[in-house]
Amino acid sequence: MFAIARSELRMLVRNRLVAACAVLLPLGLAAVFLFQGLGSSGVFAAVLQITVMVGMGVYVTATTTLAARRQTLFLKRLRSGAASDATIIGGLVAPIVVVNIVQVLVVLGVLAAVTTWPVNPWLVVIAVLVVEALLAALAIATAGVTNSPEHAQVTTLPVFFAVIGISIWTMFTGPDASATVTWAQRLLPGGATTELVVLGWTGGDLSVVPLLVGISVAWVVVAVLIARSMFRWEPRV
């Protein structure tokens, strides 16, 4: 897996389009959030940055990468070797995830320096890792219905905007929402992790943390199961 990951990292750097999507665009959007004054609200900017950066840097990039590798029969050639399916996918996706984690943590560190430091930073880190895992698994699933790298610009839109919409909805309603709305937000993908970021950044009742983590991990498991059933190794027509 490490050999595949090193090779994929080199290809990521050489491909200007994919490199820009994975590195420059998320950082550029983070800079826009800060310069537009969204950073003054602290937690709101943190939620936006995590969702958008992981959505673009991992979900869109990994979907595009896997579709491209399948189209060129690279996946088929790797599968003919000794590496298992999980090793191949892990090697291809791991560099994208690692680069994005570093980006997100750097941007959140800058945000904390210019606004307020998180009350419980460990919760923010947990939320970031869960979102990374969730969107990486969803990228693998989406790649299964993506014919080409260009097609990924269309197939990734529903999940990308759904996760962002759920996060913004959760942020805007906040603690004043009714119990029904709160549970609806928590049970939707991304809602529980958004609440984790809020608790991590501003503090609050930590007794709900095990519930939020459990729901978030459950969505990761569901995403992995969907990815296993939807992913295709042969080129799509």
Side-chain angles (χ1 to χ4, degrees), residues 1-15 17-27 50-105 125-153 155-157 159-160 163 189-190 193 216-217 219-236:
M1 183 176 72
F2 291 109
I4 297 173
R6 286 194 300 269
S7 174
E8 187 62 28
L9 184 59
R10 287 194 297 268
M11 295 177 68
L12 175 66
V13 174
R14 291 173 184 172
N15 189 319
L17 177 61
V18 177
C21 184
V23 179
L24 299 181
L25 286 180
L27 291 179
I50 292 172
T51 307
V52 174
M53 290 181 68
V54 180
M56 296 189 66
V58 172
Y59 179 62
V60 176
T61 302
T63 302
T64 304
T65 298
L66 291 173
R69 301 295 177 266
R70 183 179 59 230
Q71 189 181 42
T72 59
L73 302 181
F74 183 66
L75 288 179
K76 193 172 182 179
R77 291 196 296 271
L78 285 178
R79 208 181 188 196
S80 64
S84 65
D85 292 352
T87 298
I88 294 171
I89 298 299
L92 293 173
V93 175
I96 300 171
V97 173
V98 171
V99 168
N100 192 257
I101 289 176
V102 174
Q103 288 178 303
V104 172
L105 294 181
V125 173
I126 290 176
V128 169
L129 295 179
V130 171
V131 173
E132 296 277 351
L134 174 63
L135 290 183
L138 290 177
I140 298 170
T142 306
V145 296
T146 304
N147 297 336
S148 65
E150 296 76 17
H151 192 211
Q153 300 176 22
T155 57
T156 56
L157 290 180
V159 171
F160 181 74
V163 173
T193 52
S216 301
V217 172
W219 270 112
V220 173
V221 174
V222 170
V224 170
L225 294 176
I226 295 173
R228 291 184 61 181
S229 64
M230 292 182 61
F231 189 73
R232 298 292 180 267
W233 295 87
E234 297 289 339
R236 296 180 59 88

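Atoms considered below: every heavy atom in the structure, side chains included; atoms not considered: hydrogens, waters and symmetry mates. Just so we're clear, the structure is a prediction, and the values are computed from it rather than from any experiment.
Val224 is not listed as a side-chain neighbour of Ile140, based on a closest heavy-atom distance of 4.5 Å or more. In this structure, Arg69 and Leu78 have side chains that are not in contact, with every pair of non-hydrogen atoms separated by 4.5 Å or more. Within the 4.5 Å cutoff, no side-chain heavy atoms of Thr51 are placed close to those of Val131. The side-chain heavy atoms of Tyr59 and Thr142, taken from C-beta on, include a pair separated by under 4.5 Å. Residues Val52 and Met56 have side chains in contact (heavy-atom distance under 4.5 Å, counting atoms from C-beta outward). When side chains are defined from C-beta on, Ile89 counts as touching Phe231, because their heavy atoms get closer than 4.5 Å. Residues Thr193 and Leu134 have side chains not in contact (no heavy-atom distance under 4.5 Å, counting atoms from C-beta outward). Within the 4.5 Å cutoff, side-chain heavy atoms of Ile88 are placed close to those of Trp233.
Remark: Arg232 CZ to Met230 CE distance equals 7.5 Å, nearest 0.5 Å. Rounded to the nearest 0.5 angstrom, Ile96 CD1 and Ile101 CD1 are separated by 12.0 Å. Within the model, atoms OG1 of Thr65 and CZ of Phe74 stand 11.5 Å from one another, a figure rounded to the nearest 0.5 Å. The structure places OG1 of Thr156 at 9.5 Å from NE2 of His151, a figure rounded to the nearest 0.5 Å. One distance of note links OG of Ser216 with CG of Leu129; it measures 11.5 Å at 0.5 Å rounding. Met53 contributes atom CE, which lies 6.0 Å from atom CG of Asn100 (distance to the nearest 0.5 angstrom).
With no hydrogens or angles considered, no side-chain donor-acceptor pair links Thr146 and Thr63 at under 3.5 Å.
Remark: Ser84 pairs with Thr87 by the side chain to side chain donor-acceptor pair (under 3.5 Å) rule, at least two apart or across chains. Applying the side chain to side chain contact (heavy atoms under 4.5 Å, CB included) criterion to Leu157, with sequence neighbours excluded, gives Phe161. In this structure Ala133 satisfies the side chain to side chain contact (heavy atoms under 4.5 Å, CB included) test together with Val220, sequence neighbours excluded.
When all heavy atoms are compared, the tightest approach of Glu234 to Arg70 is O-CD, 3.0 Å. Shortest non-hydrogen contact noted between Ala139 and Ala62 is CB-CB, 3.6 Å. Nearest heavy atoms, Ala67 versus Pro149: CB-N, 4.1 Å. Smallest separation of non-hydrogen atoms from Ala223 and Leu138: CB-CD2, 3.9 Å. Contact record, Ser148 with Gln71: CB-NE2, 3.6 Å, taken as the closest heavy-atom pair.
A distance-only check finds a donor-acceptor pair linking the side chain of Ser229 to the backbone of Ile226 [under 3.5 Å].
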